[in-house]
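Take a look at the structure set out below.
Keep in mind that the numbers below use all heavy atoms, side chains included, and drop hydrogens, waters and symmetry copies. So you know, we letter chains A, B, ... as the sequences are listed, proteins then strands, and number each from 1. Values in this document were obtained by computation on a predicted structure and should not be read as measured data.
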Protein chains: 2
Amino acid sequence: MRISELSRRSGVSVTTIKYYLREGLLPAGRQTAATQAEYDEHHLRRLRLVRALTGVRGLSVSATRELLGALTELTGDTHRQLGLVLGSLRLAEEPAAEASASGDVDALVEELGWDVHESAPARTALAETLTSLRSLGVPLDWHTLVPYARLAERTAVLDLDQLGGIEDPLEMAERALLLTVLLEPALLALRRLAQENESARRHAGD
Amino acid sequence: MRISELSRRSGVSVTTIKYYLREGLLPAGRQTAATQAEYDEHHLRRLRLVRALTGVRGLSVSATRELLGALTELTGDTHRQLGLVLGSLRLAEEPAAEASASGDVDALVEELGWDVHESAPARTALAETLTSLRSLGVPLDWHTLVPYARLAERTAVLDLDQLGGIEDPLEMAERALLLTVLLEPALLALRRLAQENESARRHAGD
DNA sequence: GAAACTGGATACCTCTACTGTCTAATATAG
DNA sequence: CTATATTAGACAGTAGAGGTATCCAGTTTC
């Protein structure tokens, strides 16, 4: 298909598609002539993924590009790499300030017995949260996070269970990305609802 | 204290503080003369809160204003209102498109037996996630979310346990806001690490 | 009484995510 | 084969967000 059909089928304007091509969010089509290129179903799927990440999840174009970049690095041994890909996904934009609480994070990971990469961006994100909460006068040390981490473990089991039965490695990686990133607002929403419910429950006992 | 001291103690420039005053993120100081106003510790605390929400959490100025607005509505019966405040916090920016999956969310809440407000924004966020995942070809129905919700329940218990021992209602509400909102990136980071770990664990069995 | 500071208003700046327009080449319909 | 539409690629322009800078008249401090 050509660009106009891609636009029609995705609901994204031609100019915006060109913008995504320029920005590297979408791989170039197969050139058939100097002013002609051919796109396929993969481009359509990728385009919808981009819209989901930027629109639903509110990611910036550069953050989206980074996430998608992780996908293409996935070549060999799928299952092992999947973990690395998930682990290497960046969480926020910031170029990571001083990680003054990284010692606490190391201790936490040690206590949990987790096998995670030394340079996983999530470690930095954790350290930053600890640091900023402390600077706001909330006395939170890493021991407090242990029970949260145990619940996260069980969440991860649910997550990986969702990926069963997918054969194509690229498709599985895309699915993993979707479930990891797009489920985030849903999990936070469940937490908020659960907090409201729990607060009501505790009040009822008065 | 005057604005320059507020600036010095918070590390936020005077012009930016003026901007926050204009935008309603910070209450005005007590006017002492036509060109003079007095600020106190409460302003400093609020200013740090604003920086944490916009900086660490990456919230927009308007989203931050809304969250802070919820704080000031907290007047009477603390514990009951706390749940409502937490429940009423908006999650994202979007003015909520059509909630085509709201029926599923109702069914989910019913199944869980949760006592949550009918118009909680988190319901909309959930519905949107379901809708967008489906439009991307991920067959996710609300039953899949039940185990996630059970884990969210236990997370909420941990959250509310953190709030014990705080007397002042406003301070407790501020703490609740901090723990709810600033812990979010940390919880997501834990999930990513847990995924990486779980993936490694499953691979080890090959 | 002079220098420094203040609140308030307004203009300006930078970045992001697009959007519009142009050009030369190509496709398609008659 | 010609007229019309479409295309890739380049580049300028736009709107909104989040500040930043400047100016002013009043106020404080010395």
Can you list the residues that meet the salt bridge (Lys or Arg N to Asp or Glu O under 4.0 Å) rule with [X], with sequence neighbours excluded?
| X | answer |
| --- | --- |
| B:Arg150 | B:Glu153 |
| A:Asp40 | none |
| A:Arg30 | none |
| A:Arg134 | A:Asp104 |

- Message: Going by ring pair (Phe, Tyr, Trp, His ring centres under 6.0 Å), name the pairs with one or both residues in residues 130-172 of chain B, residues two or more places apart or in two chains.
- Response: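 Applying ring pair (Phe, Tyr, Trp, His ring centres under 6.0 Å) to every pair that reaches into residues 130-172 of chain B, excluding sequence neighbours, yields nothing.
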- Would you mind listing every ring pair (Phe, Tyr, Trp, His ring centres under 6.0 Å) that reaches into residues 34-55 of chain A, with sequence neighbours excluded? A:Tyr39-A:His43
When you check the gap from the basic side-chain N to the acidic O, do [X] and [Y] get nearer than 4.0 Å?
| X | Y | value |
| --- | --- | --- |
| A:Glu174 | A:Arg48 | no |
| B:Asp161 | A:Arg202 | yes |
| A:Glu198 | A:Arg201 | yes |

- Message: Under the rule for side chain to side chain donor-acceptor pair (under 3.5 Å), what residues qualify as partners of B:Tyr19, not counting sequence neighbours?
- Response: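 By the side chain to side chain donor-acceptor pair (under 3.5 Å) rule, B:Tyr19 matches no residue at all.
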- Task: Report the residues that fulfil side chain to side chain donor-acceptor pair (under 3.5 Å) with A:Glu167, sequence neighbours left out, ordered by chain and then residue number.
- Result: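 Once residues adjacent in sequence are excluded, A:Glu167 has no partner under the side chain to side chain donor-acceptor pair (under 3.5 Å) criterion.
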- Task: Check the distance between C:dT6's P and B:Arg8's CZ and give it to me in whole angstrom.
- Result: 10 Å
- Rounding to a whole Å, what distance do you find between B:Leu21:CG and C:dT10:P?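 One finds 16 Å between P of C:dT10 and CG of B:Leu21, rounded.
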- Message: Counting the atoms with a prime plus P, OP1 and OP2 as sugar-phosphate, which does A:Gln31 contact under 4.0 Å by heavy atoms, base, sugar-phosphate, or nothing?
- Response: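 The answer is sugar-phosphate, as A:Gln31 gets under 4.0 Å only of primed atoms, P, OP1 or OP2.
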- Message: Reading DNA chain D from 5' to 3', where do the contacts with chain B start and stop? Cut-off is 4.0 Å to heavy atoms.
- Response: D:dG18 to D:dT29
- Task: Enter the inter-axis angle for the ends of the helix from C:dG1-D:dC30 to C:dG30-D:dC1 (five pairs per end, rounded to 10°).
- Result: 0°
- Task: At under 4.0 Å between heavy atoms, which parts of nucleotides 14-30 of chain C does protein reach? Answer with one letter per nucleotide, 5' to 3': B base, S sugar-phosphate only, - none.
- Result: ---BBBB----BSSS--
- So, for A:Leu126 and B:Ala189, which heavy atoms are closest and what is the spacing to 0.1 Å?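 Nearest heavy atoms, A:Leu126 then B:Ala189: CG-CB, 4.0 Å.
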- DNA chain D contacts among residues 37-48 of chain A, heavy-atom distance under 4.0 Å: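 The stretch gives A:Ala37, A:Tyr39 as the residues lying under 4.0 Å from the strand, ordered by number.
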- Partner of A:Leu6 under side chain to side chain contact (heavy atoms under 4.5 Å, CB included), chosen from A:Leu47, A:Val14, A:Val12: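 Passing option: A:Leu47.
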